There are 2 protein chains.
Amino acid sequence: MRKLVYTYDESDPEDVKLLGGKGAGLVLMYKQGLPVPPGITITTEACKLFYSNGERLPDGLMDEVREAMRWLEERTGRKFGDPRNPLLVSVRSGAPVSMPGMMDTVLNLGLNDDTLRGLIELTGNERFAYDAYRRFLQMFGSIVLGIDKKVFDDIFEEIKRERGAKYDSELSADDLKEVVRRFKEVLGDKFPQDPWKQLELAIMAVFRSWNSPRAVFYRKANNITPDVADGTAVNIVAMVFGNMGFDSGTGVLFTRDPATGENVLYGEFLPNAQGEDVVAGIRTPKSIEELKNERPDLYKQIYDMAKKLERVKKEVQDIEFTIERGKVFLLQTRNAKMTPLARVKTVVDMYEEGLVTKEEALARVKPEHIIGLLYPRLDESYLKKHGISPIAEGLNASPGAATGRVVFDADTAVEWRNRGERVILVREETRPDDVHGFYASEGILTSRGGMTSHASVVARAIGKPAVVGVEKIKIDYDKREFRVDGITVREGDVITIDGFTGKVYLGEIPTAKAELPREFFEILRMADEVRSLGVRANADTPEDAEIARRFGAEGIGLLRTERMFRRPERLSIFQQVIMARDSEERREAMNKLVPFLRNDFLEIFRVMEGLKVTVRLFDPPLHEFLPSSDELLEKLCEARMRGDSDEVSKLESLLRRVRELREANPMMGHRGVRVGVTYPEIYEAQVRAIVEAYLQLRKEGKDLQVQIMIPQVADYREIKYVKEKAIEPVFKEYGVRMPVGTMIEVVRACITADKIAKEADFFSFGTNDLTQGVFTFSRDDVENKFMHDYLEKGILDFDVFQSLDTEGVGELMRIAVEKGRAANPNLEIGICGEHGGDPKSIEFCHRIKLDYVSASAFRVPVARLAAAHAALREGSGVPNLLIFYNQASPLRNLIVSSCFGFRAISCVNPNSISSPM
Amino acid sequence: MRKLVYTYDESDPEDVKLLGGKGAGLVLMYKQGLPVPPGITITTEACKLFYSNGERLPDGLMDEVREAMRWLEERTGRKFGDPRNPLLVSVRSGAPVSMPGMMDTVLNLGLNDDTLRGLIELTGNERFAYDAYRRFLQMFGSIVLGIDKKVFDDIFEEIKRERGAKYDSELSADDLKEVVRRFKEVLGDKFPQDPWKQLELAIMAVFRSWNSPRAVFYRKANNITPDVADGTAVNIVAMVFGNMGFDSGTGVLFTRDPATGENVLYGEFLPNAQGEDVVAGIRTPKSIEELKNERPDLYKQIYDMAKKLERVKKEVQDIEFTIERGKVFLLQTRNAKMTPLARVKTVVDMYEEGLVTKEEALARVKPEHIIGLLYPRLDESYLKKHGISPIAEGLNASPGAATGRVVFDADTAVEWRNRGERVILVREETRPDDVHGFYASEGILTSRGGMTSHASVVARAIGKPAVVGVEKIKIDYDKREFRVDGITVREGDVITIDGFTGKVYLGEIPTAKAELPREFFEILRMADEVRSLGVRANADTPEDAEIARRFGAEGIGLLRTERMFRRPERLSIFQQVIMARDSEERREAMNKLVPFLRNDFLEIFRVMEGLKVTVRLFDPPLHEFLPSSDELLEKLCEARMRGDSDEVSKLESLLRRVRELREANPMMGHRGVRVGVTYPEIYEAQVRAIVEAYLQLRKEGKDLQVQIMIPQVADYREIKYVKEKAIEPVFKEYGVRMPVGTMIEVVRACITADKIAKEADFFSFGTNDLTQGVFTFSRDDVENKFMHDYLEKGILDFDVFQSLDTEGVGELMRIAVEKGRAANPNLEIGICGEHGGDPKSIEFCHRIKLDYVSASAFRVPVARLAAAHAALREGSGVPNLLIFYNQASPLRNLIVSSCFGFRAISCVNPNSISSPM
């Protein structure tokens, strides 16, 4: 039979799965010669057997325990159950992944009426001994025997009341004797005086706590599956006491500051106390700094131990220690939870200190750390201090916190902004026409829409905080106000939104401004050394381009041209293009736009000097540039009521045209290259503007590489036709050549990629649209209507618009890459859908050997890191060990998102589930 | 060097490609011992050389011709150019495929001033000889020398005027001499007296006519590509003369009646005339029947020859003959063009007569013949006789002709129909709510929409004629009229529409009612013996089901359930379902519908007793069952103007809900199984109704197999969820089991077909939706907005919603079949999209080994035939010889469609391009 109980000497500290995290940590410290109280570990295997055995301990387990306890006795010089020299132990759970507070611990086990006397003799401290006994009875009663903890608390409080004591410490030894008496009354004969029986029952209780409802829920929520952790170990460790006087105490420390990452010990220490007392918060602990002044000798000991552990574990450690009568004991060590800032700083520092390799450093920084650094955060302590609650809650669509005055439309946002106000744009939902308002606002709040609604996508792309889908908010545009739960918020009132949590607050909440530390840029530089995948940015404006460049984008992978047509002075010209009845008229109108477009391109080209810029030709359906029929009908009604017959007939004729252009499913309608084929004049004018801008830049003595990209291609002949009719004639006219490529965003383009590759210099996967085509899901509709349901019911594991569906969409990408490269070995292949900024998706892109990913400017740093991770993972050949990107369960996604304000991030390292993922 | 000139003796009549159709026909007749004037053939190879040689005759060709002419001289006993005994020849084009009237012919070649005298001596008929000479000069001048034909006609008419002659025959020999004189003046010295020079020039002229603009256009229009026919042959045949007195004559005959198929000779005969005289239409020809009475001996000869040719060619023949002084000569034979009725009847007759095998018979019947029989046709002769022109023209969306009174809405259609009127439903476009009007109408006319608009699809499905997209028609619903080119047509006025041609006529035009002959059913029975692919029908009503059964469907492959919710008394209940705010409310409302649905199912089940019926669960987006926002806004405006505030607030609240449900792209939105997952109550109630109907049928002592089909599946877990929540509980409750399967209409379902097949008992490809997903084309929008452009510009070869895109959609189907069958060998796989009724698509389905196709009821006969063709083609191993389904060019499609009123049919047998495809 397999060995189920291990002493430190018999254990391998690497075997976390068998020994649990706590057990392995103790063994590690022991083997490093650090002072840990001796202990033994019952393995997770035993726990599994316990369950397969109908919740009975495996045969022979207690014999093994007795045997191992002898080792413990030898090391402590005490004897378990010996009335004269009693060994007391703690019985603690310890799963392979930390599940803090989820399972149970019993301290001071081994005490009974006899050993109590021994303890008194040994310590010479009756009060201490009775205190220990009552603690033990209380824990044993509640944890092992399942008696409501409240029963014990009530008794204890009653006695304090009787004695007129305010603090526990005011109770005398006699008082505690009384407590013990009454506790024993409660326990009756269920409390075994036999320490071995106590131990057996406690072990079973710890095993059972593995399957307690809260523990089960926690594992489900955190997607801790049996392959990651299946059962808890039990650690039986000799007790040490921090409450044996003022040369004793207990504390916790971090080997570096977990908030700032500064390389100083950080922690707290409570003299003459046991661990629970720290938690109880009755006395204010001292900082570790104070210990340094008071007991430099102890501080030095602890400092050395901590640093030693850090060196061995190569991560910042979170350590529990106890000082018993001047002697330091380490009780636990684990990797520290840190703020994103601290995570990035410590990793870079440790790399520079030579503690970790570049690869190790990179592996420790998660995308969410990078994101966490990019955006301002609310000052949580301020909220707590002032007891401030949110007035509403929605989806955390784009991270960051923002404060400003409420405005209800984009124009007002711009107007107020121009007079120096900070504003929050509040809308039911947003449209492309609102985008100028996004730039003018600190943040966006909508009452409708999901994580990939227009508001969400645009806000993320330009790095503005956004909270969307706050359904409780009822907006009244006419009254310029919104109501929520009886509160009325008027235009101009100040609110604060938290894009990390989806919460909305009244008034201004201070935020910690995001200032990017040196280490942020340093870790990305390291990432660049490792990654093979290129990283470009999706950017439509000079502002976007500047952000992209600052964040290290190697070019623009997607320059959308639609907004160039939306600016007021251009829209009316473009409407002429749409209304034109023949090619002549259309060309004429388009040519009027060329100077505007040329200037737009030139501004962006200047920013991107020396890099690559891929310009996507016109993509959306034309009707988006006309007023909606709803709008017209409302106006028509007004005009009729006024009796304004001129206006009526004008509106009626416009309405007719709008209805003519109206499409049942515009996403799949007359758009992209389809418009390019039917109205080549539009593409031709765009190409003309691009070429002229490029030549102008050259005149200015600068250069860059421009690529022209055709959207929505389903058949190679579309490219051929458009090249022939709209692109090549312009090249010829100006005597230039530019690579011409295509979006791969239509399913058929993937399937016929071989033919398309012969007509294209490059491919760029448009996985937003591709996902729509593969699932027949309209992104706008799906997010609003049923994505939530699909995640909740487990039909989808994650939102496929946030992270690539590698099984469906990915398979088509794989086919396209294979066929495309076979037909055209020089083909450059990238991705410019939103997935290009999603770490899991980036890993997939690396795996299928794309040349680059293109992400929105604010996701470029994440993409650089994720690309490095992908390269490392590949190099290591251990895909799931270093970092484990998890197609997390929906529930998990919700939790992750509430932690990090970004649902797209569903990656988690199982080794650090206890760390601030 | 390859031989370029062949005598009959040297030729193989099978080598149509080398000899051309006419040449091969002559050789065949010769080899069968039939009396043909001797001749030689210059091959199509020579024509190719002519062109590759810069339009010069190949070296040595004329030497070969001289050599071969000797054979001709021997056989005729005359000598080419011999003034005493001159041989005259015709020089005629003859391509491998017939291009009637497209290329040139020269008769009486070999005449000159010398041989003219010989001809006079030989015939003793000066007038005849001069007539022959002037005809020759005229043809040589216009065809060989390129002089405008009008010049000759003018001279001829002038002389007739001078002589006071009304008919050509009134001109004397001297008059004709004068004609010859003046003609020669025109020709001048360009006319060679040397017969060999004449021959050389004529050969070149015939070769050149291959590339005349009209011939090039014809080939392009008919998709006659070089692999089918590349150059024309030239036939040089000894002249025989039908104009040598009243024991001479000329005629054409069909070996069977090409209109009815009756097994009698059918044709016309003109005594004392040359072929051109028949065409000129000056004298009324006699019918072949008259010849039988007048010259039973000649009739008998001709009859025997004709029947012999029919036996040899195994097809009804179209024969040209000439009788020269009592001796019959056959000049040409080719396969006859026939009406669909005649085609089907003759094929079955010939099979029953033992002339052709079953396989040969089946191969000769094309899908369009079957379609042609199913629908009434306009009486063309009536139109011609009365000089009636259409008032407008649109797309021929659904075949057949129909006459009725104009009505402008479906309810009026039903009302008028109920009082005994025949009506034509005229709408701008139609919606599902109009379908009851389709059933009530003789035909449908719309001013908008394409070949796959709602009107088109429904009309075809239920076999009603439809003309759609007649843009010139301006409908004024308020005035109950439409206008077109100044004509106003009021409700109640009679119009006739021709769904074969897309034409619209004022008043009643007589139609030939479609009565299905015995042979129609017989040929389909023969098809059934050959095909391996099953054929089922898409049918939603008992009426559909009856048609389907009558046309031989083996079951219902797609029973759509949506219309069950649309009937007035149900719609309001279903609106409660949609408005319901929780599951309880929803279930309650749905349960009220169960009795209605049960009854609907029962009625259909009764019709389909003994067969399979596949019921598709609810598919469309829910908002389709609420009024449109446009409608509500109009009403709202009216209510506001009335000041009816109650109504205003009611409408406003409805509008809110409609807007809530509104989707940007409903086709890709909350529909199909997505609704089933979010609102399982809907599916549950449907399954309940199905099961109850089935049990009721069993009670009635009948049985059938019901299959339940889930639409829009993208992931296997959708099926799993719906089975678990909505289907299996009902099965359990009633103690029944039915196969549960899925539509495969989402791209992802194809890619993950292995997983899906483990959850499904059957697959049914929904290629309409699949095509949408693969192309990102919304069918409604694409057809209206740019499909036409795509076809015209050659970006698509055919409308992919009419015929399967085998390269894209087909590839995904292939993947799905492969993965599906591998995972579940018992999987039944069919197709129920509209492509299931398209012959080319059916062939593809056969090739990828589907179990069945399901087509709309009226396409079932076509599907049965096409399935047989597919099996034959496979068996023969000669895929393109027996029948050649052609991905025809757009232009060809237009022509085909105008011939057959059905654009979906783009199949053509290259051997019968001259037959009435």
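Remember, it's a predicted structure, so these values are computed and weren't measured experimentally.
- Taking CD1 of B/I756 as the reference point, atom NZ of B/K758 lies at 12.0 Å (rounded to 0.5 Å).
- Between chain A and the options B/N665, B/V675, B/V747, the largest number of non-hydrogen pairs under 4.5 Å is found for B/N665.
- Of the residues considered (A/L812, A/L636, A/D805, A/V713), A/D805 shows the highest number of contacts with chain B, using heavy-atom pairs under 4.5 Å.
- Ranked by non-hydrogen atom pairs under 4.5 Å with chain B, the options A/E811, A/H670, A/K720 are led by A/H670.
- A salt bridge is defined here as a Lys NZ or Arg NE, NH1 or NH2 lying under 4.0 Å from an Asp or Glu carboxylate O, and A/K755 with A/E759 fails to meet this definition.
- Of the listed residues A/M641, A/M668, A/E638, A/R659, the one with more heavy-atom pairs under 4.5 angstrom with chain B than any other is A/M668.
- In terms of heavy-atom pairs under 4.5 angstrom with chain A, the leader among B/D715, B/V677, B/T752, B/I751 is B/V677.
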Which is it for A/V722 and A/I727 under the side-chain contact (heavy atoms from CB on, under 4.5 Å) test, yes or no, and what are the steps along the way?
CA-CA 7 Å; A/V722 165; A/I727 300 178; 3.9 Å; yes
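- Most heavy-atom pairs under 4.5 Å with chain B: of the set A/T678, A/D630, A/L633, this distinction falls to A/D630.
- Of the listed residues (A/A714, A/P666, A/G669), the one with the most heavy-atom contacts under 4.5 Å to chain B is A/P666.
- Within the 4.5 angstrom heavy-atom criterion, only side-chain atoms of A/Y721, from C-beta onward, approach chain B.
- Counting only residues at least two apart or on different chains, the salt bridge (charged side-chain N to carboxylate O under 4.0 Å, His left out) pairs with a member in residues 618-629 of chain B are B/R566-B/E624, B/R616-B/D619, B/D619-B/R671.
- The two residues A/L651 and A/A639 come nearest to each other via the heavy atoms CD1-CB, 4.2 Å.
- Counting heavy atoms of neighbouring residues, nucleotides and ligands inside a 6.0 Å radius, atom CD of A/E631 exceeds 12 of them.
- With sequence neighbours left out, B/Y716 forms a ring pair (Phe, Tyr, Trp, His ring centres under 6.0 Å) with no residue at all.
- With hydrogens and angles ignored, the 3.5 Å screen pairs a side-chain donor or acceptor of B/E745 with a backbone N or O of B/Q712.
- Neither the backbone nor the side chain of A/V800 has a heavy atom closer than 4.5 Å to any heavy atom of chain B.
- Ranked by non-hydrogen atom pairs under 4.5 Å with chain A, the options B/E634, B/E718, B/R640 are led by B/E718.
- Between chain B and the options A/V746, A/I795, A/D789, the largest number of non-hydrogen pairs under 4.5 Å is found for A/I795.
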